[in-house]
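Just so we're clear, the structure is a prediction, and the values are computed from it rather than from any experiment.
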Amino acid sequence: MGVAAVARTANGRWVLIRRGDTGQWALPGGTLEWGETLRSAIVRELAEEAGIEQVTLGDVLGVYSAPHRDERFHAVTVVVAADVGEPVRPPINPVEIMEVGLFTEAELPSTLAYEMSAMLDNARNGRRFWE
């Protein structure tokens, strides 16, 4: 089970992370650790991957479960809205996460890793989604 954040700063910029395994931009997030809730996992992932400490979680925006989405394993990912502060430090593991980016609408990459483009597009356009 995984969780991903569709995170925006107060000035409306989208938070993305550049993955070390693909070199592509992606939504911040990851898999739950044993004994962890979805809420605590997304707060932890935003801190670890994006250096973000100020997080206000919003609604669940989607649940993605297509088996072909991630070739590493069959994952179920819950996508959550988050209002966040700007990063205050770099990612904890620079091998896993190469960098953090803040993007305006016009600057967003056209393709995200692991078919996360659909997740971001659905969220940006107010479409709730589950499969």
Please give me the minimum heavy-atom distance between [X] and [Y], naming the atom from each residue.
X	Y	answer
Leu46	Ala7	CD2-CB, 4.4 Å
Pro28	Val15	CD-O, 3.5 Å
Arg13	Leu102	NH2-CD1, 3.4 Å
Val100	Pro91	CG2-CG, 3.8 Å
Ala26	Leu112	N-CD2, 4.3 Å
Ala47	Arg89	O-NH1, 2.9 Å

Residue list, salt bridge (charged side-chain N to carboxylate O under 4.0 Å, His left out) with Glu107, at least two apart or on another chain: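 Checked Glu107 against salt bridge (charged side-chain N to carboxylate O under 4.0 Å, His left out); zero matches.
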message: Which residues pass the salt bridge (charged side-chain N to carboxylate O under 4.0 Å, His left out) test with Arg19, not counting sequence neighbours?
response: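 Checked Arg19 against salt bridge (charged side-chain N to carboxylate O under 4.0 Å, His left out); matches are Asp21.
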- request: Report the C-alpha distance between Val80 and Val3 in whole Å, list the side-chain angles of each, state the deciding distance to 0.1 Å, and finish with yes or no for side-chain contact (heavy atoms from CB on, under 4.5 Å).
  value: CA-CA 7 Å; Val80 178; Val3 64; 4.0 Å; yes
message: Is there a continuous path of hydrophobic side-chain contacts, each under 4.5 Å between heavy atoms, that joins Ile97 to Val88?
response: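 Different hydrophobic clusters.
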- prompt: Going only through I, L, V, M, F, W and Y residues with side-chain contacts under 4.5 Å, is there a path from Ile42 to Ile92?
  reply: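 Ile42 does not cluster with Ile92.
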Atom pair CD/OG1 of Glu33 and Thr31 - distance to nearest 0.5 Å: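 Answer for the CD-OG1 pair, Glu33 versus Thr31, is 7.0 Å.
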[X] versus [Y]: any side-chain heavy-atom pair under 4.5 Å?
X	Y	result
Thr9	Val84	yes
Leu38	Met1	yes
Leu16	Met116	no
Gln24	Thr111	yes
Glu86	Asn11	yes

- prompt: CZ of Arg128: more than 12 outside heavy atoms within 6.0 angstrom?
  reply: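 More than 12 within 6.0 Å, yes.
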query: Has the side chain of Asn125 got a donor or acceptor atom that lies under 3.5 Å from a matching backbone atom of Asp121?
result: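 Answer holds: yes.
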- request: Assign the ring pair Phe129 / Tyr64 to parallel, tilted or perpendicular, where the plane angle (0 to 90°) is split at 30° and 60°.
  value: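 It falls in the parallel class, under 30°.
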task: With sequence neighbours excluded, tell me which residues meet side-chain contact (heavy atoms from CB on, under 4.5 Å) with Glu96.
output: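 Partners of Glu96 by the side-chain contact (heavy atoms from CB on, under 4.5 Å) criterion, ordered by chain and then number, come out as Glu49, Asn93.
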message: By the definition ring pair (Phe, Tyr, Trp, His ring centres under 6.0 Å), identify the one residue from Phe103, Trp14, Tyr114 that meets it with Trp25.
response: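 Testing each of Phe103, Trp14, Tyr114 against Trp25, the sole residue satisfying ring pair (Phe, Tyr, Trp, His ring centres under 6.0 Å) is Phe103.
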- request: Report the C-alpha separation of Arg124 and Leu108 in whole Å, then their side-chain angles, then the decisive distance to 0.1 Å, and conclude whether the side-chain contact (heavy atoms from CB on, under 4.5 Å) test is met.
  value: CA-CA 11 Å; Arg124 288 173 50 226; Leu108 283 169; 3.6 Å; yes
